[in-house]
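Each remark here refers to the structure printed beneath this line.
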Amino acid sequence: MGSLSEIYSKLPDSMDDLPPPPNAEAVEQADFRARHWQSPVTGRLKPGSDAHKRAMAEMFRDTFNPYRPSVIEWPKLAPETLHKIVSLPIWDIAVQTEGKARLRMAAYAALVDDPDVKDAISRNAWEENRHKEVLAKMVAAYNIPMAPEPPYIEPKDAEWAYLVTGFSECVDSFFAFGMFELAKRSGFFPQELTDTFEPIMQEECRHILLFANWLAWYRATMPWWRRPYFELKVWAVWGFLAYERISLVRTVDDKGAVHTQDNNFTVTGTKDVANIDITLPDFMDLCLQEDERRFAGYDSRLLRPTSAPFIARVLRGAGRCWEFASEAVKANRR
């Protein structure tokens, strides 16, 4: 596939090679631009049109933040806080997921002919690599025990791998928005860590915004005879993700220690990151609110991911029905 710098549209291999910000104002301006973007084109951005494709690519390029997320001087944590962070069953999966995403997106970008789309997906791959670097340095700073990383092998079916990564990020990011806000409200993370991971959360928002619009563009420009096979592949991806989400991942490190990782932590881990008692329907409400807030600054004509919000509304409705039925049963027993 060539060197990483070629894959990543001439961005440097490492985040450490980006130029430092000239001052604090430049950092704040870049952060604002990363969260707000409007296309100068008027009218509808119809999926499959050149205007839609250019807007999708320009959004991703123009909102690139060269300064955040960045590696900080990791703060010294109180023993209780450190224990809570180290105990979260997510770090192996988090680091490995970013490593896989980087490779899968770079592999797919290498197959794309359209220069605008190729550039956007390549930049997405670079940002996944930056997330991995930040996580890896945090893990090292706090001596979080990790299983050895598996070899990152270029996928045989780059399109399948890109779809798995894209749809997975759409689901995980949606619920992570709510969980991150819950952790902030509870004070689970120190302010310094929150400041570091906040831009990562916003970049994930940009990533799934890009994926949703790429998917619409790809479907609209696909030859009709390829469409049935592609839709079957999409359904197969969802089936694979559903199976993956109902299982725990157990790996053994070189010292024989077992590492258990929760694939579904973004939905099930609210009690692990907050001392706030929150019901499932209320958590779904929070996820929906945070999802809307994070997307609010981007051109409303660009498509938003819809599957995870739909799942959240179904879960919220089911939870409300359960609460109503439980209260009715209790009332009848009095």
Side-chain angles (χ1 to χ4, degrees), residues 24 27-28 30-36 63 65 67-91 93-95 97-98 127 130-135 137-139 141-142 144 169-209 262 264-298 304-305 308-309 312 315-316 319:
V27 175
E28 293 305 317
D31 187 67
F32 181 85
R33 288 194 301 270
R35 299 165 188 272
H36 301 83
T63 57
N65 191 334
Y67 309 129
R68 290 179 173 173
S70 60
V71 175
I72 65 171
E73 293 294 330
W74 301 104
K76 184 176 178 59
L77 302 178
E80 182 182 358
T81 301
L82 179 61
H83 176 73
K84 288 192 297 184
I85 290 176
V86 169
S87 299
L88 293 178
I90 59 173
W91 301 118
I93 281 183
V95 172
T97 296
E98 300 293 358
E127 291 182 6
R130 176 161 65 171
H131 294 181
K132 183 178 185 295
E133 288 186 42
V134 172
L135 286 169
K137 291 184 179 183
M138 175 189 166
V139 163
Y142 293 130
I144 298 175
E169 284 198 334
C170 286
V171 173
D172 289 338
S173 296
F174 174 83
F175 293 107
F177 294 159
M179 184 168 289
F180 186 72
E181 177 62 21
L182 198 62
K184 284 171 61 178
R185 293 180 184 182
S186 69
F188 180 85
F189 290 113
Q191 185 66 43
E192 298 92 336
L193 292 186
T194 299
D195 291 344
T196 293
F197 285 105
E198 166 58 33
I200 292 180
M201 301 304 297
Q202 193 62 34
E203 280 197 343
E204 293 296 350
C205 177
R206 291 172 54 254
H207 293 178
I208 62 178
L209 181 61
D262 188 352
N264 214 25
F265 184 80
T266 53
V267 180
T268 63
T270 55
K271 293 188 182 300
D272 292 318
V273 301
N275 53 10
I276 301 172
D277 190 16
I278 186 169
T279 65
L280 178 64
D282 288 342
F283 179 60
M284 294 301 105
D285 270 336
L286 180 61
C287 292
L288 289 164
Q289 292 164 13
E290 283 298 295
D291 184 69
E292 183 176 353
R293 180 180 70 83
R294 288 192 178 276
F295 280 114
Y298 304 114
R304 273 59 170 163
L315 291 174
R316 180 180 63 182

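Residues: numbered from 1 along the sequence shown. Not measured: the values here are computed from a predicted model.
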So which heavy atom on [X] is nearest to which on [Y], and how close?
X: Tyr67; Y: Ala30; value: CD1-CB, 3.7 Å
X: Pro69; Y: His131; value: CG-CD2, 4.2 Å
X: Glu204; Y: Ser173; value: CB-OG, 3.5 Å
X: Ile85; Y: Pro190; value: CD1-CD, 4.5 Å
X: Cys170; Y: Ala308; value: O-CB, 3.8 Å
X: Arg206; Y: Thr63; value: NE-OG1, 2.7 Å

>> Any carboxylate oxygen within less than 4.0 angstrom of a Lys/Arg side-chain nitrogen, looking at Arg68 and Glu28?
In response: yes
> Is it true that Lys76 and Glu192 make a salt bridge, defined as a side-chain N closer than 4.0 Å to a carboxylate O?
Replying inline: no
> For Glu290 and Arg293, what are the C-alpha separation, side-chain angles and deciding distance, and is it a salt bridge (Lys or Arg N to Asp or Glu O under 4.0 Å)?
Replying inline: CA-CA 5 Å; Glu290 283 298 295; Arg293 180 180 70 83; 2.7 Å; yes
>> For Trp74 and Thr196: C-alpha separation, side-chain torsions, deciding distance, then whether side chain to side chain contact (heavy atoms under 4.5 Å, CB included) applies.
In response: CA-CA 10 Å; Trp74 301 104; Thr196 293; 4.1 Å; yes
Just so I know, are the side chains of [X] and [Y] near enough to count as touching, which here means a heavy-atom distance under 4.5 Å?
X: Phe189; Y: Leu77; result: no
X: Arg316; Y: Leu288; result: yes
X: Phe180; Y: Glu198; result: yes

> Would Glu98 and Arg130 satisfy side chain to side chain contact (heavy atoms under 4.5 Å, CB included), going step by step from the backbone distance to the final call?
Replying inline: CA-CA 9 Å; Glu98 300 293 358; Arg130 176 161 65 171; over 6 Å; no
>> Set out, in order, the CA-CA distance, both residues' side-chain angles and the distance that settles side chain to side chain contact (heavy atoms under 4.5 Å, CB included) for Arg185 and Leu286, then state yes or no.
In response: CA-CA 12 Å; Arg185 293 180 184 182; Leu286 180 61; 3.5 Å; yes
>> Before you tell me yes or no, could you show the steps for Gln191 and Asp195 under side chain to side chain donor-acceptor pair (under 3.5 Å), namely the whole-Å CA-CA distance, both residues' side-chain angles and the distance that decides it to 0.1 Å?
In response: CA-CA 6 Å; Gln191 185 66 43; Asp195 291 344; 2.8 Å; yes
> Aromatic rings Tyr298 and Phe295: how do their planes relate, parallel, tilted or perpendicular, breaks at 30° and 60°?
Replying inline: perpendicular
How many angstroms lie between atom [atom1] of [X] and atom [atom2] of [Y], to the nearest 0.5 angstrom?
X: Thr279; Y: Met284; atom1: OG1; atom2: CE; value: 9.5 Å
X: Cys205; Y: Ile200; atom1: SG; atom2: CD1; value: 14.0 Å
X: Glu181; Y: Ser186; atom1: CD; atom2: OG; value: 10.0 Å
X: Thr97; Y: Lys132; atom1: OG1; atom2: NZ; value: 11.0 Å
X: Leu193; Y: Met138; atom1: CG; atom2: CE; value: 5.5 Å
X: Gln202; Y: Asp31; atom1: CD; atom2: CG; value: 8.0 Å

> Taking it one step at a time, do Val86 and Trp91 satisfy side chain to side chain contact (heavy atoms under 4.5 Å, CB included)?
Replying inline: CA-CA 8 Å; Val86 169; Trp91 301 118; 5.7 Å; no
